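One structure below.
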Amino acid sequence: MKMSGAEMLLESLKREKVTHIFGYPGGVVLPVFDALYKDPSLQVVLTRHEQGAVHAAEGYARSSNTVGVVLVTSGPGATNTLTGIADANMDSIPLVIITGQVPTKMIGNDAFQEADIIGMSRSCTKHNFLVRKISDLPRIIKEAFYIARTGRPGPVLIDFPKDIILEKGDFVYPETVSIRSYNPTIQGNRWQIRKAAQTILKSRKPVLYAGGGIISSDAHKELLDLVTLTNIPTTLTLMGLGALPGNHPRFLGMLGMHGTYAANMAIHDADVLIAVGVRFDDRVTGKIAEFSPHSKVIHIDIDPTSIRKNFHVDVPIVGDARVILKDLIEELREISGGEDAFRHYQPWIEQISEWEKEHPLCYTLDKEVIKPQHVIEKIYQFTQGDCIVSTDVGQHQMWTAQFFKFIKPNTWLTSGGLGTMGYGFPAAIGAQKAHPGKRVIAITGEGSFLMNIQEMATVVSLDLPVKIVILNNQYLGMVRQWQEFFYGSRYSSSFIGQSPDFVKLAEAFGMIGMRATRPEQVEDVILDGFSRRGPVLMEFQVDPEENVFPMVPAGGSNIEMIFESPGEKDDPKKRDSILTA
Amino acid sequence: MNPEIQVSETRKHYIQIIVENRFGVLSRVAGLFSARGFNIDSLSVAPGLDPSVSQMTIETQGDDHVVEQIIKQLNKLIDVIKVVNLSEFSFLTRETLLIRVNTNTRPGDRDEAFRIVEIFRARIIDSSPTTYTIEVTGDEDKIEAILNFLKPLGIKEVIRTGKVAVAREDQKLGTSKSVSRLTDGDMSYHR
């Protein structure tokens, strides 16, 4: 049976078990949207901006470990996706983005709504395809999904010219994929795993440093098994939160620029560092020459380019984190003879708990003004972590990472590598689509929220019960913090106090809006807001001058953590009333 | 122990890449170099014996760590089938030049040009009353030498192919053993 390119696309998506498409229509993709109109088995989630569609697909993908699908038109539709694609590329989120393109004969002629999206997206996709023949289409879609989800996952873009969308051809969907130039390594090298096990067993002060790769490869169970067997203290990167339960006794908290004192000290003093599914990002390592200077490094990652890119490695193991951790646990069991062999870590664990006591994560409560960390803690207490949380980028993101305990993987959605303001709210929409019965919370700042505020129309029209928490401090808080520390408190362009009235705005969009301006209102607003059925926006007007601590100055060593604002040292009142989180 | 990656000296590397003979592959490879600030000194591309693949020879510079990254990043490109750093082996390079020289600036120049062509076993492939067009093939030293000899005559134009390179026959190209030298023994580059 002959099928049009548009019909083939939809049929192929169904073969890939796609149920939701995040998108926005326009000129050249009209035939595809027309085919979607006739086919109710694929649900289109219409966002209000193409960037929102990509972030929503990211949230969908990350929260459910599947491939997110985006469909947009050519030209501006395609270019609007680029920030989202770059975000997915940095954070290894599997996406397939289908962009319409002007008819093949008009490519290169500056046609209406033409953009060279293949050229533009080359450096921010894992791979991209231009469909040049209708007969190639099924194979390209099959390969796109395969490339997006295997190896180190990432976004794959398919540029789909209008003449091929309309052309008819025979549809034969390939059963299998075989790309001779792409075969990601899954199994780790046996010898290297043995060497890693011996290194771990010989160590006295080991630290596990795990990241987003654990989530991508679904290795959280294996990570927990490894920690249970060995009792090794474990720190997680921003992208890795939830890989080990946030309330686990061996969990040190996040490491890096805004990591905990205990995590950064433990990394610094470690004699063996077991890095799994991480890439030694500069926000994690701080000054690289002083990062974990005494350790032998075991690095497990599926992406060979991550190994030895920024940091020396003694035992590199390329492959899938889940498969390798399984083998490593087996090897450790075999050569150690059981948990008793790891008893000698006890002094190290005690040392770390000293550090934990020395500088726990903390903030000072105030009677007059709401502390943002307090809001996060209250949300955690209310939900007990049984929810999906997304954030935008900035102070609120770091406070959420610090004070919310993520118990399960795939429940934490944040823009790590690219640091994309405007990510969080659309990502929450995608997560809610993937998990209709689950509580989904978008924690954001007033700056980030305004970057994709149009998606309020999306949640209202789809009646998605996303709960929006705005920590409004009237500033681009992280920018303000840096200006306070490093630019003599010259708050250049960081004051954005002229925000709209968010409660009225919520009402204008057709959702419930609530506001807390005083500390005693926080709990009531949370209780009320979270018990409503539909979407709710909760604005918390928080302390404009609150800073994120600890803080490692950019380019500084991770053990040079700052715990107080400039000038705060001399204020004994502020120092005394510390409340431990 | 210094945890930073040891920096070795910068030297020239010849990288041979076998890629899918598809549209856009060259820009992927070139884009990778430019996006990461790696320089391409010369580049030659042509279809291989199997017309579904293309062969590239890239001449680049960097310390061992940079080149290791380049090779890993090249391998990561979906359309790249195989990457070999020829500088790990004993290898040969050749480049072909088409050189147009003046032959009538001073008396005797035409004979001198002819003599130089003989010495370097080059060929005159075109001739006009005032110029010769010379074809020469050789390694870097030979090319440099003939250019030096021809310079006094007045070189009007030089067109270069860029270098191609091949490992010597007794070298086992691209076996996992030879590649593993680069990679601490555990990176599967052969995909």
Side-chain angles (χ1 to χ4, degrees), chain A residues 118-119 122-130 132 143-144 146-147 151-152 154 156 179-193 195-196 273 280 285 287-297 299 301 303-319, chain B residues 1-8 17-38 48 50 52-54 56 63-83 176 179-180 182-191:
Chain A
I118 289 290
R122 189 170 292 131
S123 57
C124 64
T125 50
K126 185 171 173 189
H127 195 56
N128 60 21
F129 295 94
L130 171 62
R132 306 217 295 171
E143 289 185 2
Y146 176 68
I147 292 169
R152 177 175 171 180
V156 178
I179 308 172
R180 62 176 162 183
S181 54
Y182 176 74
N183 293 298
T185 309
I186 303 296
Q187 291 287 341
N189 179 299
R190 269 265 148 220
W191 287 108
Q192 295 290 100
I193 291 172
K195 206 166 138 192
L273 191 59
F280 293 84
T285 62
K287 189 175 181 184
I288 196 103
E290 284 162 38
F291 181 72
S292 199
H294 317 293
S295 65
K296 268 195 177 294
V297 180
H299 191 181
D301 203 280
D303 179 3
T305 67
S306 287
I307 292 176
R308 273 175 58 83
K309 180 170 66 185
N310 302 329
F311 200 65
H312 83 105
V313 176
D314 301 286
V315 188
I317 312 177
V318 175
Chain B
M1 192 197 319
N2 181 355
E4 272 183 298
I5 287 158
Q6 298 296 322
V7 178
S8 61
I17 314 168
I18 298 176
V19 298
E20 294 288 352
N21 188 0
R22 270 187 208 145
F23 119 105
V25 177
L26 177 60
S27 61
R28 279 182 214 284
V29 171
L32 183 149
F33 274 77
S34 63
R36 293 180 183 266
F38 307 146
D50 168 1
S52 74
V53 304
S54 273
M56 297 187 183
D63 60 48
D64 290 350
H65 176 241
V66 165
V67 171
E68 184 185 326
Q69 260 304 306
I70 291 177
I71 287 175
K72 285 178 179 174
Q73 295 287 352
L74 284 169
N75 265 306
K76 199 170 159 180
L77 294 178
I78 306 290
D79 285 331
V80 169
I81 300 168
K82 190 162 131 183
V83 183
S176 53
V179 171
S180 68
L182 264 177
T183 61
D184 299 336
D186 186 55
M187 280 170 231
S188 307
Y189 281 139
H190 290 275
R191 309 189 288 173

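The shown structure was predicted, so the numbers you read here are calculated from the model rather than taken from an experiment. First the proteins, then the strands, lettered A, B, ... as listed; each starts at 1.
If you measure heavy-atom distances from D303(A) to chain B, the contacts under 4.5 Å come from the side chain alone. In this structure, the portions of Q73(B) lying under 4.5 Å from any heavy atom of chain A include both its backbone and its side chain. For S52(B), the parts lying near chain A are the backbone and the side chain together; criterion is any non-hydrogen pair under 4.5 Å.
In terms of heavy atoms, R308(A) sits closest to H65(B) at O-NE2, 2.8 Å.
Between S181(A) atom OG and L77(B) atom CG the span is 9.5 Å, to the nearest 0.5 Å. Considering CD1 of I78(B) and CZ of F129(A), their distance stands at 7.5 Å, rounded to 0.5 Å. A distance of 9.5 Å separates NZ of K309(A) from NZ of K72(B), quoted to the nearest 0.5 Å.
For K195(A), there are no salt bridge (charged side-chain N to carboxylate O under 4.0 Å, His left out) partners, not counting sequence neighbours. In this structure, the side-chain hydrogen bond (donor to acceptor under 3.5 Å, both in side chains) partners of R22(B), at least two apart in sequence or on a different chain, are D79(B).
Between N128(A) and R28(B), the closest side-chain pair of non-hydrogen atoms falls below 4.5 Å.
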Could you go step by step and tell me if R122(A) and L32(B) meet the side chain to side chain contact (heavy atoms under 4.5 Å, CB included) rule?
-> CA-CA 9 Å; R122(A) 189 170 292 131; L32(B) 183 149; over 6 Å; no

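Residue with the most contacts toward chain B among E143(A), R132(A), R152(A): R132(A) (heavy-atom pairs, distance under 4.5 Å).
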